[in-house]
Amino acid sequence: MQDALRPRVIGGPGPADPTTVAGLDVAYHEDGDRLAAAIVVLDTRTHEVRDTAVVQGKPSFPYIPGLFAFREIPALLEALEKLTVRPDVLICDGHGLAHPRRFGLACHLGVLTGLPSFGVGKTPLIGTWTPPADRRGARSDLVDAGEVVGAVLRTRQAVKPVFVSVGHRMDLDTACALTLTLTPRFRLPETTRAADRACRDALISTPRT
DNA sequence: GCGACAG
DNA sequence: ATCTTGTCGC
């Protein structure tokens with residue numbers, strides 16, 4: 001399925017001046033039988049929350065490296081339908097092009113929604129790289145099979161870098177610039193942090209349905 | 001065959 | 001992802 005959908009990915013450039021950016025994330029209950037997906041739309045400049053959508057559900061697919069999207073996409077698409085604000089960019093918790101078949105979660109969501117997207121991963125899935133300089137904004141190429149599939153970006157000095165890769169209708173420079181704009185204080189983008197908080201809270205505030 | 005392996 | 005334990009720093 002990934003090989004079939006990959007041709008539908010459209011390359012950059014990404015939006016020149018996106019007004020809103022959305023963070024997407026999914027949290028799982030420790031019993032492994034319940035999950036919550038959240039999407040939080042922020043104003044790109046002020047980081048003010050413009051919209052939030054949270055849905056609960058059950059995992060329908062196991063976690064398998066390389067097939068991660070099939071586990072989280074169902075709930076994320078449901079949450080997307082509940083949004084009243086159409087975000088200009090989707091920022092995913094995971095990779096885009098930096099995937100064995102060049103079709104990670106960010107690419108998959110971008111193709112299904114038609115929206116520009118990119119991924120910001122906390123750990124690598126594929127590729128090799130040299131550590132970027134120890135200062136915010138420093139970056140190095142993430143290379144796999146001889147091609148640059150993403151960037152290793154330092155969002156905070158003296159903190160582990162993040163892995164940025166394009167999804168759909170996006171270019172790496174725009175993705176890295178947006179990531180830096182969204183990390184004024186912490187390692188991860190405010191979008192990701194807001195979505196992580198939202199789905200985690202939803203999972204706890206609703207012990208049973 | 002062995003090791004790696006987004007969340 | 002989630003959990004635990006321990007350390008460092010503001």
Side-chain angles (χ1 to χ4, degrees), chain A residues 1-2 5-6 9 22-40 54-79 90-112 117-129 134 136 142-145 148-153 155-168 170 172 175-176 179 184-189 191-207:
Chain A
M1 186 182 288
Q2 295 175 325
L5 292 177
R6 186 178 54 239
V9 171
L24 305 80
D25 193 28
V26 178
Y28 300 83
H29 186 69
E30 54 186 57
D31 65 19
D33 205 51
R34 212 149 45 86
L35 62 75
I39 300 180
V40 179
V54 182
V55 300
Q56 296 188 55
K58 305 173 75 64
S60 59
F61 199 90
Y63 166 65
I64 300 174
L67 299 180
F68 178 55
F70 296 100
R71 179 171 171 77
E72 305 210 328
I73 276 188
L76 289 174
L77 286 182
E78 261 188 64
L90 298 181
I91 301 180
C92 307
D93 201 39
H95 300 101
L97 240 189
H99 174 277
R101 290 170 291 284
R102 306 293 183 265
F103 197 72
L105 175 64
C107 297
H108 206 141
L109 273 173
V111 165
L112 296 187
S117 67
F118 67 91
V120 177
K122 296 181 285 296
T123 62
L125 173 59
I126 59 163
T128 59
W129 69 96
D134 191 24
R136 171 178 155 76
L142 178 59
V143 180
D144 181 63
V148 177
V149 296
V152 182
L153 181 68
T155 57
R156 306 295 306 166
Q157 187 263 6
V159 173
K160 285 191 303 180
V162 295
F163 299 78
V164 180
S165 60
V166 305
H168 185 61
M170 181 61 57
L172 195 52
C176 285
T179 298
R185 185 165 153 69
F186 298 102
R187 178 197 183 211
L188 300 178
T191 39
T192 298
R193 288 168 48 75
D196 179 78
R197 171 59 94 190
C199 59
R200 197 172 309 200
D201 284 350
L203 213 50
I204 298 177
S205 60
T206 310

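Protein chains get the first letters and strands the later ones, always in sequence-line order, with residue 1 at the start of each. These numbers come from a predicted model, not from an experiment. Computation of the quantities below employed the complete heavy-atom set of this structure, encompassing side-chain atoms and omitting hydrogens, waters and symmetry-equivalent molecules.
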Q: Measure the acute angle between the ring planes of A:F103 and A:H108, then classify it against the limits of 30° and 60° as parallel, tilted or perpendicular.
A: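 A:F103 and A:H108: tilted rings.
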
Q. What pairs with A:R102 under side chain to side chain donor-acceptor pair (under 3.5 Å), at least two apart in sequence or on another chain?
A.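 A:R102 satisfies side chain to side chain donor-acceptor pair (under 3.5 Å) with A:D144, A:E147 once adjacent residues are dropped.
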
Under 4.0 Å, counting only non-hydrogen atoms across every strand here, what does [X] touch: a base, just sugar-phosphate, or nothing?
| X | value |
| --- | --- |
| A:G66 | base |
| A:L24 | nothing |
| A:P124 | sugar-phosphate |
| A:G121 | sugar-phosphate |
| A:A27 | sugar-phosphate |
| A:L105 | base |

Let me know the distance between [atom1] of [X] and [atom2] of [N], rounded to the nearest Å.
| X | N | atom1 | atom2 | value |
| --- | --- | --- | --- | --- |
| A:D33 | C:dT2 | CG | P | 15 Å |
| A:L76 | B:dA6 | CG | P | 18 Å |
| A:I64 | B:dG7 | CD1 | C1' | 13 Å |
| A:F163 | B:dG7 | CZ | C1' | 14 Å |
| A:L203 | C:dT2 | CG | P | 8 Å |
| A:L142 | B:dA6 | CG | P | 13 Å |
| A:H29 | B:dG7 | NE2 | C1' | 18 Å |
| A:R34 | C:dT2 | CZ | P | 12 Å |

Q) What's the spacing between A:D25 CG and A:I91 CD1 if we round to 0.5 Å? A)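 One gets 12.5 Å once the value is rounded to the nearest 0.5 Å.
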
Q.
Tell me whether A:R187 at atom CZ has more than 12 heavy atoms from other residues, nucleotides or ligands lying less than 6.0 Å away.
A.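 Result for CZ/A:R187: enclosed.
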
Report each atom pair, protein N/O against N/O of nucleotides 3-10 of chain C, whose distance is under 3.5 angstrom.
from: C:dC3; atom 1: OP1; to: A:E30; atom 2: OE1; distance (Å): 3.4

Q.
If the cut-off is 4.0 Å, is A:T123 near the phosphate of B:dC5, judged by side-chain N/O to OP1 or OP2?
A.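 Answer is no, no contact under 4.0 Å.
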
Q: Compare side-chain N and O positions of A:K122 against OP1 and OP2 of B:dG7 and report whether any pair is under 4.0 Å apart.
A: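 A:K122 to B:dG7 OP1/OP2: side-chain N or O found under 4.0 Å.
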
Q.
With the criterion set at under 5.5 Å between ring centres and under 30 degrees between planes, would B:dG7 be stacked on A:F68?
A.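 No, the aromatic ring of A:F68 does not stack with the base.
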
(Q) Given A:F118, which partner from the list A:L90, A:T179, A:L97, A:L172 fulfils the side chain to side chain contact (heavy atoms under 4.5 Å, CB included) test? (A)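 Of all the options given, the one that passes is A:T179.
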
Q. Only one of A:L188, A:V152, A:T192 clears side chain to side chain contact (heavy atoms under 4.5 Å, CB included) with A:V162; which?
A.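 Exactly one candidate clears the test, A:L188.
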
Q: Looking only at non-hydrogen atoms, find the nearest pair between A:A106 and A:S117 and report the distance.
A: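 Here A:A106 and A:S117 meet closest at O-OG, 2.7 Å.
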
Q. If you check every side-chain atom of A:P65, which of B:dC5, B:dG7, C:dA1 has the closest atom?
A.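 For A:P65, the side-chain atoms sit closest to B:dC5.
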
(Q) For a quick check under 3.5 Å, do A:E72 and A:Y63 share a side-chain donor-acceptor pair by atom type? (A)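 Their side chains do not contain a donor-acceptor pair, so the 3.5 Å distance test is not met.
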
